[in-house]
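The structure appears right after this line, and notes come after that.
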Amino acid sequence: MVLPRSFYLQPTLVVARRLLGKVLVHDGPQGRVAGRIVETEAYRGPADRAAHSRGGHRSSRNEVMYGPPGHAYVYFIYGMHHCVNVVTQPRDVPEAVLLRALEPVAGTALMRARRGLDDGPEWRLCRGPGALCRACGIDRALNGADLVRGPLRILDAPEIPPSAVRRTPRIGVAYAGPDAMRAWRFVVAASPAVSGPSRSRRE
DNA sequence: TGAATGATTTACT
DNA sequence: GTAAATCATTCAA
């Protein structure tokens, strides 16, 4: 079952937490790929100095964040990568959740072809926001796509138990200062697919 | 008009 | 550990 639009009207931190375990599906021209979400980050509107909507800034790039909930915000970064977000909150409230990692569950052959990884473990295919988009064939053509009706959807799945979830500061936003370093990143602790420093180094 | 930089990944020392 | 790849967006002038 596809997650209903009301799911995306919950507080953004709640959406980020509850997206763990859900399944992202993309039906593209080359076939279907799907993965279980194991890492997310919340980005919270004008007051969040790490968000593209900081200061209430509005542009052609982040316009989708100001639109209705349950749509995809896809942007291009570092001259070579795409990142995909889920827009939360009603129209004109620019908040979103960045999808950072998936565990592949379908279409792994297509993911390998797109990533150019003929061998190696599956959990590497969608590890990190740029890698995830590459493997799933997500680019700016999907910016603004409706996650409830379109070719890119998120399916419901059982909740991850609290004991399996970790909260950490977000990755790559130190430039935005201490306020941006609150624990707005959510990960399934046991998953090998989560990005960032290895568990052995973290613990 | 021009310069700086980023919600990254990968390879290399 | 550091660096290169590579460009849309942003900000200063």
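As the structure is a computational prediction, the values presented were derived from the model and not from experiment. Chain identifiers are assigned alphabetically (A, B, ...) following the order of the sequence lines, protein sequences preceding nucleic acid strands; residue numbering begins at 1 within each chain.
The two residues A/G107 and A/V33 have their closest heavy-atom pair at O-CG1, 3.6 Å.
Residue contacts shown for A/H57 are limited to sugar-phosphate atoms, with no base heavy atom under 4.0 Å away. In this structure, A/R100 reaches the sugar-phosphate backbone alone: every heavy-atom distance under 4.0 Å involves primed, P, OP1 or OP2 atoms, never a base. Counting non-hydrogen atoms under 4.0 angstrom, A/R170 reaches nothing in the nucleic acid. Using a 4.0 Å heavy-atom cutoff across all strands shown, A/Y78 reaches at least one base atom of the nucleic acid.
Remark: A/R18 is not positioned above the aromatic ring of A/F186, lacking an NZ or CZ atom under 6.0 angstrom from the ring centre and at most 45 degrees off the axis.
The base-pairing partner of C/dT6, taking Watson-Crick or G-U wobble contacts with both distances under 3.5 Å, does not exist among the strands shown.
Contact annotation: side chain of A/Y75 to base of B/dA7, donor-acceptor pair present below 3.5 Å.
Proximity of the aromatic rings of A/H52 and A/Y43 is defined here by a centroid distance below 6.0 angstrom, and this criterion is not met.
Between A/M80 atom CE and C/dT6 atom P there is a gap of 6 Å when expressed in whole angstrom units.
Each of A/Y175 and A/R124 has a nearest nucleotide on DNA chain B; the 5'-most of these lies closest to A/Y175.
The separation of B/dA7 from C/dG1, taken at their C1' atoms, amounts to 23 Å, rounded to a whole angstrom.
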